[in-house]
*Asks:* 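To start, I am sharing the structure in question, which I have written as structure tokens.
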Amino acid sequence: MLGCFAKDILPKELYEAFHRCLTKGIEHEVFNIQLSNPRNKIEYVRAQIKLRVKEQEVVGVIFTLSDITSITHTKKLLSNESERLRVMLNSIGDAVIATDNNAIINYMNPIAERLTGWHGEEAKGRHIEEVMKLVDATSNKTLVNPISVALKEQRIVAMALNSQLTGLDGRVYRVEDSAAPIRDVEGNIIGGIIVFHDVSESIAMAVKMSHLANHDLLTDLPNRVLLHDRVTHACKVASSMNKNVALMLIDIDHFKYLNDTLGHHQGDLIIKDVAKRLESLIDLNTTLARIGGDEFVILLPDVKSASVVDAIASDIINTMNEPFRIDSQEYTLSVSVGVSVNPADSTQAEEMMTHADAAMYRAKEQGRNRFCYYSDDLEYQFKQRQSVEKLLRNAIEQDKIEVFYQPKLELATRKIMGVEALVRLRDNDNKLISPLDFIPLAEETGLIHALGKSVLKQSCKAAKEWADKGHKIKVAVNIAAKQFTDGNFCNLVADTIEQAGLASELLELEVTESALMHDFDEIKVMLNKLADLGLTIAIDDFGTGYSSLSYLKLFPVDVLKIDQSFVRDMLNDTQSMDIVRTITSLAHTLNLQIVAEGIEEKQHLNSLIDLGCEFGQGYYFHKPMPKEEFDKLLG
Ligand code: C2E
Ligand code: MG
Ligand code: MG
């Protein structure tokens with residue numbers, strides 16, 4: 001090349017640069033140039049031009065060229081790759097956060113920015129736990145970030161199920177995904193990365209789906225599937241805990257006719273109204289389900305007594321008889337209800353359903369607008385309860401509650417000291433019904449308050465009459481547990497005594513042990529108030545209940561009545577004899593009067609006298625009798 005012109009030898013681009021330096025007098029320049037016509041596969045060249053100047057004259061040029069083709073290619077590749085990565089991370093739908101070895105953030109993509117609420121630049125340099133706050137969605141307990149775990153345990157870590165992310169702005173997201181350590185080519189861990197996404201919507205959707213699968217669309221009540229589950233569960237619990245489950249199948253009478261004549265839209269509105277009315281009758285423990293067009297089911301998982309079922313079933317019938325108003329039109333409806341009770345009918349969920357169904361058909365057959373029990377036995381008992389309740393209501397309303405009196409005697413002298421007032425109710429054939437058959441019902445229905453009031457009033461009046469005739473006969477009135485729950489009971493007693501004009505020491509109240517076994521302090525206050533009125537308090541049927549001696553000292557008790565079962569058995573059964581003996585001596589120690597119930601034979605009387613029991617009552621002396629009869633007895 002010696003002696004040639006630079007212009008002829010150099011590639012065009014290089015010559016132009018060389019020329020520019022010369023003409024502009026640039027003494028030194030370094031630049032990279034891409035050759036348009038590569039020679040020897042040299043595409044990129046790094047050129048250095050240096051003018052040699054002597055006495056301000058350019059005397060020559062040193063031109064150094066290096067081949068940078070392969071370096072340039074590598075650089076380009078690298079930059080393309082990182083750009084591609086950047087674009088990728090920025091455009092994927094998941095959130096990505098990368099950290100260094102110490103879980104300090106060095107990268108965050110836009111989705112991660114959105115979910116955490118942090119700006120990438122602000123988040124950089126902060127610890128992952130500061131930026132990405134995770135808690136357990138149910139317990140709200142803080143969760144350790146998976147990146148921390150991945151870095152510590154050097155493995156890929158899935159995010160805990162149920163993770164919830166709280167963003168900087170306070171918004172919460174249900175998130176799901178995983179974290180992993182990042183390794184360099186040698187496999188050393190150089191950081192961590194977490195990829196996650198928002199699953200709030202899919203979780204909400206799953207919740208909705210499961211709700212839909214278990215609920216009826218129109219009324220949002222549990223459907224057949226959920227009901228079946230609940231009935232099965234209730235039956236299981238019932239059998240292990242000795243509870244009663246009741247299932248009521250409710251079917252709207254002639255609904256098909258209504259639906260056909262009014263149209264399905266109106267029909268739907270009626271169904272919704274029926275659902276609302278049924279819902280208003282039940283509590284939180286009760287399941288109301290819709291299992292078909294016009295069929296509803298009520299599941300009572302813990303029925304305390306049969307009359308509770310009666311009451312709910314009658315409530316259902318009654319509320320449905322109120323007219324329905326739809327689009328300013330009034331409709332009257334009725335329903336037929338079938339009831340099956342576990343374990344009386346069945347202990348199996350499916351069987352309970354078929355029984356309730358059969359009972360519902362029975363109700364339809366009997367003329368609709370009513371309820372029926374599946375079991376004949378329950379149906380019979382229900383009919384009995386129903387008729388007794390009716391008799392009781394009528395007797396109360398018409399003031400026909402009767403009271404019989406059974407004399408109480410001093411055993412040694414056979415002198416009548418007092419009487420026990422015993423309530424009586426008559427059936428339509430004028431036959432007497434035992435209090436044992438209607439007192440529990442009266443308690444369940446609340447009629448006991450009116451009943452008790454009537455007995456108390458008649459008894460006080462009678463005792464006053466006897467006293468006026470010169471007979472100091474103390475009248476003992478039985479008080480049911482339920483009457484004690486009436487906050488006004490003391491006032492009622494005080495008023496009744498006063499109105500009758502009776503000396504309060506001529507009244508005794510008989511309460512059973514079980515009636516006292518409730519709220520200890522409340523009962524104590526109540527009994528003290530009663531005792532302050534001047535009357536006496538007897539514990540009835542003593543020995544059959546808790547027989548906890550402690551309350552005898554704490555409550556103002558005056559009399560113990562030995563239960564008649566012990567008296568009945570004392571002659572043949574040494575245990576009963578021992579109990580009577582123990583109770584008698586206990587009563588004496590505590591300075592209490594003792595009354596033996598159910599004395600039927602002379603031997604009872606003799607033994608009781610031997611044991612030191614002073615008072616008693618029983619058929620041996622007198623049966624309970626109407627007042628007129630007792631009046632005659634007094635003479
Ligand atoms: P109680 O208070 O233990 O009453 C005694 C019961 O034994 C009465 O039955 C009485 O008729 C019966 N009796 C008396 N002597 C004999 C006897 O020698 N042999 C036998 N076998 N029985 C005898 P009654 O009148 O049927 O009353 C049953 C229970 O009903 C009473 O037991 C009492 O717990 C309740 N009761 C009765 N009247 C009332 C009332 O006005 N209010 C409340 N709350 N309960 C009442
Ligand atoms: Mg009694
Ligand atoms: Mg008794």
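All ligand and atom numbering here is 1-based and tracks the order in the structure.
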*Asks:* For the Mg ion (ligand 2), find the closest N/O/S atom belonging to Glu510 and write down its atom name.
*Replies:*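 Per the distance ranking, Glu510 contributes OE1 as its closest N/O/S atom to the Mg ion (ligand 2).
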*Asks:* By atom name, which N, O or S atom of Asp540 is the nearest to the Mg ion (ligand 2)?
*Replies:*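 Per the distance ranking, Asp540 contributes OD2 as its closest N/O/S atom to the Mg ion (ligand 2).
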*Asks:* Got Leu451 and Ile439 here, is their nearest side-chain heavy-atom distance under 4.5 Å?
*Replies:*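 Contact flag for Leu451/Ile439 side chains = yes.
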*Asks:* Strictly under 4.0 Å, does any heavy atom of Gln483 approach an atom of ligand 1?
*Replies:*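 The answer is yes: ligand 1 sits under 4.0 Å from a heavy atom of Gln483.
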*Asks:* Which of these, Gln406, Lys408, His622, sits in a side-chain hydrogen bond (donor to acceptor under 3.5 Å, both in side chains) with Gln617?
*Replies:*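 Of the listed residues Gln406, Lys408, His622, the side-chain hydrogen bond (donor to acceptor under 3.5 Å, both in side chains) partner of Gln617 is Gln406.
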*Asks:* At less than 4.0 angstrom from any non-hydrogen atom of Gly598, what atoms of ligand 1 do you find?
*Replies:*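 Listed by number with element, the hits are 16 (C), 17 (C), 18 (O).
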*Asks:* Taking a cutoff of less than 4.0 Å between a non-hydrogen atom of the residue and any ligand atom, is Gly452 in contact with ligand 1?
*Replies:*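 Heavy atoms of Gly452 never come under 4.0 Å of ligand 1.
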*Asks:* Using ring centroids (six-membered ring only for Trp), state whether Phe555 and Phe520 fall under 6.0 Å.
*Replies:*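 Yes, the ring centres sit under 6.0 Å apart.
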*Asks:* Quick check on contacts: which atoms of ligand 1 are under 4.0 angstrom from a heavy atom of Glu510?
*Replies:*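 Under 4.0 Å from Glu510, ligand 1 has these atoms: 2 (O).
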*Asks:* A side-chain contact here means heavy atoms from C-beta on lying under 4.5 Å apart; do Val245 and Met352 qualify?
*Replies:*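 Of all side-chain heavy-atom pairs linking Met352 with Val245, at least one is under 4.5 Å.
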*Asks:* Between Asp540, Ile439, Val455, which one has a non-hydrogen atom sitting closest to atom 2 (O) of ligand 1?
*Replies:*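 Among Asp540, Ile439, Val455, the closest heavy atom to atom 2 (O) of ligand 1 belongs to Asp540.
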*Asks:* Would you call the rings of Trp466 and Tyr405 parallel, tilted or perpendicular if under 30° counts as parallel and over 60° as perpendicular?
*Replies:*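 Trp466 and Tyr405: perpendicular rings.
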*Asks:* Hey, are the side chains of Glu614 and Leu411 touching, using non-hydrogen atoms and a 4.5 Å cut-off?
*Replies:*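 Answer no - side chains too far apart.
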*Asks:* Please verify whether a non-hydrogen atom of Arg424 lies at under 4.0 Å from ligand 1.
*Replies:*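 Per 4.0 Å heavy-atom rule, Arg424 contacts ligand 1.
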*Asks:* Which heavy atom of Ala463 sits nearest a heavy atom of Ile473, and at what distance?
*Replies:*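 Answer, listing the atom of Ala463 first, then Ile473: CB-O, 4.0 Å.
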*Asks:* Decide if atom NZ of Lys482 counts as having more than 12 heavy atoms of other residues, nucleotides or ligands within a radius under 6.0 Å.
*Replies:*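 Yes.
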*Asks:* Which part of Ile599 is near ligand 1, with near meaning a heavy atom under 4.0 Å away: side chain, backbone, both or neither?
*Replies:*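 The answer is the backbone of Ile599.
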*Asks:* Run the numbers for me: atoms of ligand 1, each under 4.0 Å from some heavy atom of Leu436, listed by number.
*Replies:*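 Once the distances to Leu436 are compared, the set is 28 (C), 29 (C).
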*Asks:* For Ile448 and ligand 1, does the shortest N/O to N/O distance drop below 3.5 Å?
*Replies:*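 Between Ile448 and ligand 1 (N or O atoms, distance only) the closest approach is not under 3.5 Å.
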*Asks:* Check Pro624 against ligand 1 and report side chain, backbone, both or neither, counting heavy atoms closer than 4.0 Å.
*Replies:*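 Answer for Pro624: side chain.
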*Asks:* Quick one: CG on Asp427 to CG on Asp437, what's the gap to the nearest 0.5 Å?
*Replies:*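 Result: 11.0 Å between the selected atoms.
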*Asks:* Judging by distance only, is a nitrogen or oxygen of Tyr620 under 3.5 angstrom from one on ligand 1?
*Replies:*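 Min N/O separation from ligand 1 is not below 3.5 Å for Tyr620.
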*Asks:* Examine Phe382 together with Tyr373 and report whether their ring centres are nearer than 6.0 Å.
*Replies:*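 Distance test on ring centres: under 6.0 Å, yes.
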*Asks:* With carbon and hydrogen excluded and only N/O/S kept, which atom of Glu420 is nearest the Mg ion (ligand 2)?
*Replies:*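 This turns out to be OE2.
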*Asks:* With nothing but distance in play, are any N or O atoms of Gln617 less than 3.5 Å from an N or O of ligand 1?
*Replies:*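 Min N/O separation from ligand 1 is not below 3.5 Å for Gln617.
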*Asks:* Where does Gln406 meet ligand 1, judged by heavy-atom distances below 4.0 Å: at the side chain, the backbone, both, or neither?
*Replies:*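 Just the side chain.
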*Asks:* Would you sort out whether Val339 and Met360 count as a side-chain contact (heavy atoms from CB on, under 4.5 Å), showing the intermediate values?
*Replies:* CA-CA 7 Å; Val339 185; Met360 188 271 289; over 6 Å; no
*Asks:* May I ask you to list the atoms of ligand 1 that are less than 4.0 angstrom from any heavy atom of Ala480?
*Replies:*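 Under 4.0 Å from Ala480, ligand 1 has these atoms: 44 (N).
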*Asks:* Please state which option from Gln458, Glu601, Glu420, Gln564 has its nearest heavy atom closest to atom 7 (O) of ligand 1.
*Replies:*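 When every heavy atom of Gln458, Glu601, Glu420, Gln564 is considered, Gln564 comes closest to atom 7 (O) of ligand 1.
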